[in-house]
Amino acid sequence: MATRQERMWEHIRADQALRQVRKEKRDAPREERVRHKDWVSQFGEDGEAFDDLALPDVERVVPLGERERKRANLVRAQSSPATASEGNTLAGRGHETVSDRGIVVEVSTGLCRVSIAGEEALLCEIRRSLTARDTGYTNVVAVGDEVWVSHNGSGRGMVEGVRPRRSALARPDPFYGHLRQVIVANVDQLLIVAAWREPALWPELVDRYLIAAARNRLAPIICVNKVDLAADPAEPAAGLRPWLAAGYPVIFTSAQTGAGIAELRTALMGRTTALAGLSGVGKSSLLAAVQPGLNLRTSEVSDRRHEGRHTTTQSTLHPLDDGGFVVDTPGIREFGLSGLSRRELAGFYPEIAPLADRCQFADCSHTREPGCAVRFAVREGRVAAVRYEAYRKIYRDLPG
Ligand SMILES: Nc1nc2c(ncn2[C@@H]2O[C@H](COP(=O)(O)OP(=O)(O)O)[C@@H](O)[C@H]2O)c(=O)[nH]1
Ligand SMILES: [Mg+2]
Ligand SMILES: [Zn+2]
């Protein structure tokens, strides 16, 4: 259980991260003043500000009148036409309150930034009557959420409703273990970036990410970067044959020579893509090649910033010019396999799963039993040794 002190520090860290990003925005001085006021009032004198962080359900009970109002707001928002057309800037709309649909690109406690029709993200408060009750999640609004926002051109909006999430990357809440905290909502696919060399391709890690993607219902894409470092240009394709044969899409790239960048750009277009991969494989370089100017805060940086046990993981959606977003997902490696049991593992290997029926023992682990059809297939070369070795290593690490 976190103390109030720890929660306050987390709160402050989250706000500092948000401030840092906003500092780079155009009208930073004006926003800064407003934000400061808001910040003080949020904290209050008795630390009342932590409701979106992790207060238990009982404290989230919404007065009946509020519920009705929320429903009315939602209905109003839903029935309003898509008002944000190109060329119709937020500032130019006078003081009439309008409702728009947008995507949350960043979240701090009680505040978020919402991207509406490609315009510069609007700083928004979150309607207090919105509740995460009965969702199994602790956060009302997460990065990636599609929301309805009311605003009147004053530079500050209000989140009035959240659309049901298509998907959620979540992890057990640091404060309330029975609930889960959404890290990013509505992610479509996971781009697993590996380098062919420097650092050398690490099959076990690729497979861990593939499993994490499958468990979170994200479409995986393996991106093998630094193909320019291959001694023989045919090497990377040969090395990735086991994954291609298992049905996974693989893109071969070089941020250095530009090879495969167009293909990567197409793969990212119009979708929300989470990024995974070791430090140094070239994630930042690839994104800079896909879209010059894009400055991804990479997960290794974020991991360091949010070190410690009681932390909220902050992610940011970065819009792409061709449509779609990329998002850093600190910690996907840890939470990707949490709760997975050993006997479920084979199910994530399309080339291994169908063989299990033919093993001598029904509960065969495929690691040492006699009469194992999987081990036989490996010896015969029908299952790639590199995939089987990764299976064994992951198996060994999972709880029985
Ligand atoms: N040879 C080669 N080097 C690359 C390539 N992509 C990135 N690098 C280098 O690899 C290092 C790490 O790249 P970076 O983008 O920071 O990786 P990140 O940690 O995954 O974001 C840098 O020195 C890059 O210049 C590539 O395609 N080929
Ligand atoms: Mg980087
Ligand atoms: Zn077996």
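- Here Glu204 pairs with Arg208 in a salt bridge; the nearest charged N to carboxylate O distance falls below 4.0 Å.
- Between the side chain of Arg127 and the backbone N or O of Gly161 there is no donor-acceptor pair closer than 3.5 Å.
- In this structure the side chain of Leu286 never reaches within 4.5 angstrom of the side chain of Leu191, judged on heavy atoms.
- Atoms CD1 and CD, from Ile394 and Glu389 in turn, are 11.5 Å apart once rounded to the nearest 0.5 Å.
- Cluster annotation: Ile251 and Leu244 are assigned to the same hydrophobic cluster (Ile/Leu/Val/Met/Phe/Trp/Tyr, side-chain heavy-atom contacts under 4.5 Å, transitive).
- By the criterion of side-chain heavy atoms lying less than 4.5 angstrom apart, applied directly or through intervening Ile, Leu, Val, Met, Phe, Trp or Tyr residues, Ile116 is grouped together with Val107 in one hydrophobic cluster.
- In this structure, Val386 and Pro203 approach most closely via the heavy-atom pair CG2-CG, 3.4 Å.
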Residues Val290, Ile261; criterion side-chain contact (heavy atoms from CB on, under 4.5 Å); working and verdict
CA-CA 6 Å; Val290 163; Ile261 298 301; 4.2 Å; yes
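- Looking at Arg358, its side chain never comes within 3.5 Å of a backbone N or O of Val374 through a donor-acceptor pair.
- The distance from atom CG of Leu268 to atom CD of Glu263, rounded to the nearest 0.5 Å, is 11.0 Å.
- Here the closest non-hydrogen pair linking Ser315 and Val143 is O-CG2, 3.2 Å.
- The closest side-chain heavy-atom distance from Leu218 to Leu169 is below 4.5 Å.
- Ring-plane geometry between Tyr391 and His366 is classed as tilted, the angle between the planes lying from 30 to 60 degrees on a 0 to 90 degree scale.
- Following chains of ILVMFWY side-chain contacts shorter than 4.5 Å, one can reach Val187 starting from Tyr248, so the two form part of one hydrophobic cluster.
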side-chain contact (heavy atoms from CB on, under 4.5 Å) assessment of Ser115 paired with Leu317:
CA-CA 10 Å; Ser115 166; Leu317 285 193; over 6 Å; no
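- Considering only heavy atoms from C-beta on, Arg215 comes within 4.5 Å of Phe348 through its side chain.
- The closest donor-acceptor contact from the side chain of Gln189 to the backbone of Ala267 lies under 3.5 Å.
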Please lay out, stage by stage, how Asp207 and Trp243 fare under the test side-chain hydrogen bond (donor to acceptor under 3.5 Å, both in side chains).
CA-CA 9 Å; Asp207 283 4; Trp243 285 271; 2.8 Å; yes
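- Looking only at side-chain heavy atoms (C-beta outward), Cys372 and Phe361 stay at 4.5 Å or farther from each other.
- Looking only at side-chain heavy atoms (C-beta outward), Lys393 and Leu205 stay at 4.5 Å or farther from each other.
- Considering every non-hydrogen atom in both Ala346 and Ala353, the closest pair reads O-CB, 3.5 Å.
- In terms of heavy atoms, Arg156 sits closest to Leu111 at NH1-CD2, 3.7 Å.
- Defined by atom type and a distance below 3.5 Å, a donor-acceptor pair is missing between the side-chain atoms of Thr97 and Asn152.
- Looking only at side-chain heavy atoms (C-beta outward), Leu210 and Ile222 come within less than 4.5 Å of each other.
- The number of heavy atoms from other shown groups lying within 6.0 Å of CZ (Arg241) does not exceed 12.
- By the rule that hydrophobic residues join a cluster once side-chain heavy atoms approach within less than 4.5 Å of another member, Tyr388 and Leu398 end up as members of one cluster.
- Judged by distance alone, with hydrogens and angles left aside, the side-chain atoms of Asn186 form no donor-acceptor pair with the main-chain N or O of Arg165 at under 3.5 Å.
- No donor-acceptor pair under 3.5 Å is formed between the side chain of Asp322 and the backbone N or O of Met269.
- Listed for the Asn225 side chain is no donor-acceptor partner under 3.5 Å among the backbone atoms of Val193.
- Nearest heavy atom pair, residue Val149 against residue Cys124, reads CG1-SG, 3.8 Å.
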Arg217/Arg166 under side-chain contact (heavy atoms from CB on, under 4.5 Å): CA gap, chis, key distance, verdict
CA-CA 10 Å; Arg217 287 193 291 276; Arg166 298 193 306 277; over 6 Å; no
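- No donor-acceptor distance shorter than 3.5 angstrom exists from the side chain of Asp145 to the backbone of Val147, with no hydrogens or angles considered.
- Using a distance-only test at 3.5 Å, with no hydrogens or angles considered, a donor-acceptor pair links the side chain of Glu344 to the main chain of Ser341.
- Among the candidates Glu120, Glu125, Glu106, the single residue satisfying the salt bridge (Lys or Arg N to Asp or Glu O under 4.0 Å) test with Arg113 is Glu106.
- Atom OH of Tyr209 is separated from atom CG of Leu337 by 11.0 Å, given to the nearest 0.5 angstrom.
- Shown here for Leu190 and Ala213, the closest heavy-atom pair between the two residues is CD2-CB, 3.8 Å.
- Cluster annotation: Leu320 and Val105 are assigned to the same hydrophobic cluster (Ile/Leu/Val/Met/Phe/Trp/Tyr, side-chain heavy-atom contacts under 4.5 Å, transitive).
- At a threshold of 4.5 Å between non-hydrogen side-chain atoms, the residues Val98 and His151 count as touching.
- Taking 4.5 Å as the limit, every side-chain heavy atom of His318 sits out of range of all side-chain heavy atoms of Gln291.
- To the nearest 0.5 Å, the span separating CG on Leu340 from CD1 on Ile211 amounts to 6.5 Å.
- The backbone N or O of Leu278 lies less than 3.5 Å from a partner atom in the side chain of Lys283, making a donor-acceptor pair.
- With sequence neighbours excluded, no residue forms a salt bridge (charged side-chain N to carboxylate O under 4.0 Å, His left out) with Arg271.
- The structure places CZ of Arg375 at 8.5 Å from OG of Ser365, a figure rounded to the nearest 0.5 Å.
- The distance from atom CD1 of Ile192 to atom CG of Leu275, rounded to the nearest 0.5 Å, is 10.5 Å.
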Could you give me the CA-CA distance, side-chain angles and deciding distance for Lys226 and Gln256, then say whether side-chain contact (heavy atoms from CB on, under 4.5 Å) is met?
CA-CA 7 Å; Lys226 306 199 188 185; Gln256 187 130 312; over 6 Å; no
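- By the 4.0 Å N-to-carboxylate-O rule, Arg387 lies close enough to Glu351 to be salt-bridged with it.
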